[in-house]
Structures are given as structure tokens and as C-alpha cells.
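Accompanying notes for the structure given below.
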There are 2 protein chains.
Amino acid sequence: MIEALVNKLSYYMTLSSEEKQVLEKAATRSVQMEKGEIIINENERPEHVYLIEKGWACRYKLLENGDNHIMAYLIPGDLCDVHITILEVMDHSIRALTPVTLRKFPADEMRNIMENHHRLARALFWSTLVDEAVLREWLVNMGTRLAEPRLAHVFCEMLIRSRIAGCAENESFEFPLSQAELGETMGLTEVHTNRALQKLRQKGLVSLEKKRLTILDWERLKQLSQFDPIYLHYQKQSR
Amino acid sequence: MIEALVNKLSYYMTLSSEEKQVLEKAATRSVQMEKGEIIINENERPEHVYLIEKGWACRYKLLENGDNHIMAYLIPGDLCDVHITILEVMDHSIRALTPVTLRKFPADEMRNIMENHHRLARALFWSTLVDEAVLREWLVNMGTRLAEPRLAHVFCEMLIRSRIAGCAENESFEFPLSQAELGETMGLTEVHTNRALQKLRQKGLVSLEKKRLTILDWERLKQLSQFDPIYLHYQKQSR
DNA sequence: ACAAAAAACTAACTTAGGTTGTAGTGCTTA
DNA sequence: TAAGCACTACAACCTAAGTTAGTTTTTTGT
């Protein structure tokens, strides 16, 4: 099922059951990938748009000096590169952070949706614009916040996004990253990421154990990180 | 004239003179704006797509605590938000960094181009995907590089982009930012930005005076910053 | 051509974050 | 049931970047 995607898109528009069918039929069967496996590699030209059904993946760039930077998390309901056919090659890679279940939309199916299903096309487009907004917010997060509020901001965002995908229970959700991976996304070392996490724990703002994150004090966490969810654009449109 | 835009798009596809006409006619007359003026404000819903003809502008976010972060530079040939009609409100603002000449494309004209001029639509789409790739690269730049190579990377990128827009003469181009503004884009203070700039000068890599930047040693600058222009996707397509 | 205001530059000192190293705590898998 | 490995935790020390507070230079407006 493409449930997480439908969940997410429903924050933008309500899809008819016919539209859901179109999506369902356009995708291949589920494919499994293992933790650490590369889903799309830099310089490649992908033939499919991938949908994450289960698990987490990430966009990342590996630099010559060995530095590795994570630029985005992909969680259930997220799509990789809806508009792959426009650019010749990928300028970064995507890999599984956990075991992942994927479905693939062949480029032709995608083109068909874009041309013959305007509402769906619009909804998918919306999701890519939100991805871009998230990217901007991450840039601001790195550019303006110290380690502790920076980490807090990541936690706030991922709670909301997990909820939107239907993967959260109240204040609690799967957060399957190692501290090293967290550091790679925030431009911090593993050690300093740990220091920041300890502080958030000491203050009683979050609990993170066995890959499950619980937000213990949403208001204070939000305030500490100056989190403002506007950039996620998930308010149901008023039109 | 929409010259800088046509210049830029020509790196993706050669436009027919008819297609150039379509663009030319779709836009309003040139509008002037002063340095510091806000072109689009957060929370607004813009009615037009703006094209920068002359001068520099930036996307930025102003945080509650007064921090200000620049997330993108817009130079001649760059468009602001081709797909404005999809999202309800802007999650950031755009302002002029210098006196700027703009042209506006009304949303309806844009829609017309998207629906009836597929090649143009594709080319405009390409330009937004490149903008996104630049954003990702900036994230990596902030996350992985120290001040000096980080600044060097900004210089490398802007030389190439200025060339693509037709605004550079060999190794030299207009670079109208104050050091404070440069710092705001790299997540550094004015003071530290100055330190980094001094080093690049001492090493004989760049010269920056009277708002004009000259790259004195491209190879070393490129190497220092590990600049790899792939992400600008400007190689003429092989198809 | 001049004064006023920005912007650029410099230095001294503080702090956030990086580095290295070590120890402990689970998980696997054999 | 132990060996091995990935991850977490934490301490000591080091360095890049922030802060504050100046001075000098360049731009701008009249």
C-alpha cells in the first residue's frame, strides 16, 4: 500500500479513491533493501521515482576528503526525485539508513500521471516544494543555531513529519539514527552531538532509547529551537 | 531584454526565436527596486514570478532572535519561485542586495507557458532544479568546510554562475556584497569572514575591491574548496 | 570638496565545538 | 555463552570561530 504517501498528500488535498488507484497501479511491487544499501548513486541517471514505504533513507554527499554529509532524511511517504527526467545525472546519492521497503514508479508512468492527472500532478509537485522548503530550513538551522537548539530542531521536525506520514504515536516515534549519523546531518562530530543530546535529556525535554524518540516537553523543545512548522506547509489549504 | 535568462537556459537547450518571443511577451516591463527593498515578504502570496534582469537579490529568513540568514543569491537570469501557485504562502523573504531591475511574469502567463510550451516549461523547470541543487551544495558547504574553504567555494560558484548569466569577464565579475552579508550566508560573523578573506588574499588566490571579485588562481581556489561544478548542471546536454 | 556614515580591517580575549582516547553497554551470530 | 562489533558515554586537551571594541578606509550625500 502507498498509505504513507496518501496520508501525506491528504494534508494538501483529499484524493479520490480513483486517484489513489492510479498511484497504486503506477507503482511496482514492494522491494526490500538492506541498511546501508545505496538506492541511487551519484552520477547515475535513475529510471524510476522511488517511494519509501517503510524505514528511513537519506540523501548524502561523499566528499573527496572523506567527509560525508547528510542533506535530507527520507521517511515513509517520501519520494525520491519526482522530476528525474529533467536532469541528466544525480549530483548526490541516496542510501538506506535502516532496512527499507520501496516501491518504484517507472519514468513513463510518472509522465502519464503528470500529463493526464492534473490534481495528482499538483499534489506530487506540492510534496517536492515542501522537500525544498525543508532543505532551506536545514540550511538556516546549520547557519544560525548552536548544537543544542540545532538538535532540538531536528527532533521537532521529525516528530511532525512522522505524524504526517502516520508513523508517530502522540509524542513518540521511531528514530533509527546513530549519533554519528545525526552528527553528519548537523555538521557536528559524534562527540558533540552526544553532548547536545545529553543536555536535552538532562533538561527533561526528550528521551531517546532503543531507537525510539519521545518528546517529553514539546513546548520547551519548540521554544529552545525556535521551531516554527510553517515551512512544512501542512496546514490543510483554506481554498 | 530577458537576455541573462536566455543565456542561462541556453546551457540546457537552445531556444528558438519564437520561444524567446513568448518569454519576452509574457513579462511586464522592467521595474526598478532599490537596494534593501523587499521584493517578496514571508507569509505573502506572490502574484508574479520575478526575473532578475540586473543586480543581485537574496532569499533570506529573519529569525525571532534577530538572526538573519541568507539562503540563496539571485543574480541576473534567476527566477523567483516559478511554481508559486502551488504553495499558499512564502516561508521566507526575498530582498534586493543592490539596486535591481526586475520583470514580472503574471501567474496566468506562467500557467500558459507551462501548458502550451512544453520545451520552455521544461527549461524553466530545469532552472528550478538547479536552484535546488545549489541549495543542497550550500548545505554541504556549511556542514563540512571551515571558514576559508567555505568562502572559496562561494567565490567559485559565483564566478561560474556569473559567467552562465553572461555577467563575467574571464576571471572577474561584480561581487556587490558586504562582508557582513557574506557572513550571513555562510553562518559566520563579519569578523571571521574578514579573516578568511584576508587569507585568500594573502595566498594570492583572489582580489576583491570596489565590489569586483577577480579569481587570481582558479586551480588553487578550486582545490582549496574542493569545488566541483557538477551540481550546477550546466554542461550542454549530450542528447 | 567636505562631512557623515558605512564598510573594512585589526587585536585581545572568550567559548563552542573538534580531537583523541578509553571504557561501558548492548546486540548479534557462531 | 562467548566473541565481536556497533554504539553510547565521558574526560582532557586543542583550535576555529565568536565577541567586543577599537581604528582606518571607502562611499555617499549635499
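Each chain gets a letter, A, B and so on, in the order its sequence line appears, and its residues count up from 1.
To the nearest 0.5 Å, atoms NZ (A/K203) and CG (A/L221) are separated by 10.0 Å.
By the 4.0 Å N-to-carboxylate-O rule, B/E169 lies close enough to B/R212 to be salt-bridged with it.
End-to-end axis angle of the helix from C/dA1-D/dT30 to C/dA30-D/dT1, using five pairs per end and rounding to 10°, comes to 60°.
Closest contact between the side chain of B/Q179 and the listed nucleotides D/dC7, C/dC9, D/dT19 involves C/dC9. In this structure, the nucleotide among D/dA21, C/dG17, C/dA8 sitting nearest to the side chain of B/K211 is C/dA8. Of the candidate nucleotides D/dA9, C/dC9, D/dA17, D/dA9 has the atom nearest to the side chain of A/L197. Picking from D/dA17, C/dC9, D/dA11 the nucleotide with the shortest atom distance to the side chain of B/R201 gives C/dC9. When each of C/dG18, C/dT20, D/dG18 is scored by its nearest atom to the side-chain atoms of B/T189, the top-ranked nucleotide is D/dG18. Distances were taken from every side-chain heavy atom of B/S178 (C-beta onward) to each of D/dG18, C/dA8, D/dA9; the shortest belongs to C/dA8.
At a cut-off of 3.5 angstrom, the base of D/dG18 holds at least one donor-acceptor pair with the side chain of B/R195.
Ring geometry, A/Y231 versus A/H153: the interplanar angle falls under 30°, so the pair is classed parallel (tilted spans 30 to 60°).
Looking only at side-chain heavy atoms (C-beta outward), A/D228 and B/E64 stay at 4.5 Å or farther from each other.
Within the nucleic acid shown, A/E190 comes within 4.0 Å of at least one base atom, counting heavy atoms only. Looking at heavy-atom distances under 4.0 Å, A/G183 makes no contact with the nucleic acid at all. Counting any heavy atom pair closer than 4.0 Å across all strands shown, A/R145 reaches no nucleic acid atom.
When all heavy atoms of A/L74 and A/L79 are compared, the closest pair comes out as CD2-O, 4.3 Å.
Listed pair B/N194 / C/dC9 meets the phosphate criterion, a side-chain N or O lying under 4.0 Å from OP1 or OP2.
Both B/K35 and B/G187 lie close to DNA chain D; mapped to their nearest nucleotides by heavy-atom distance, the more 5′-ward contact belongs to B/G187.
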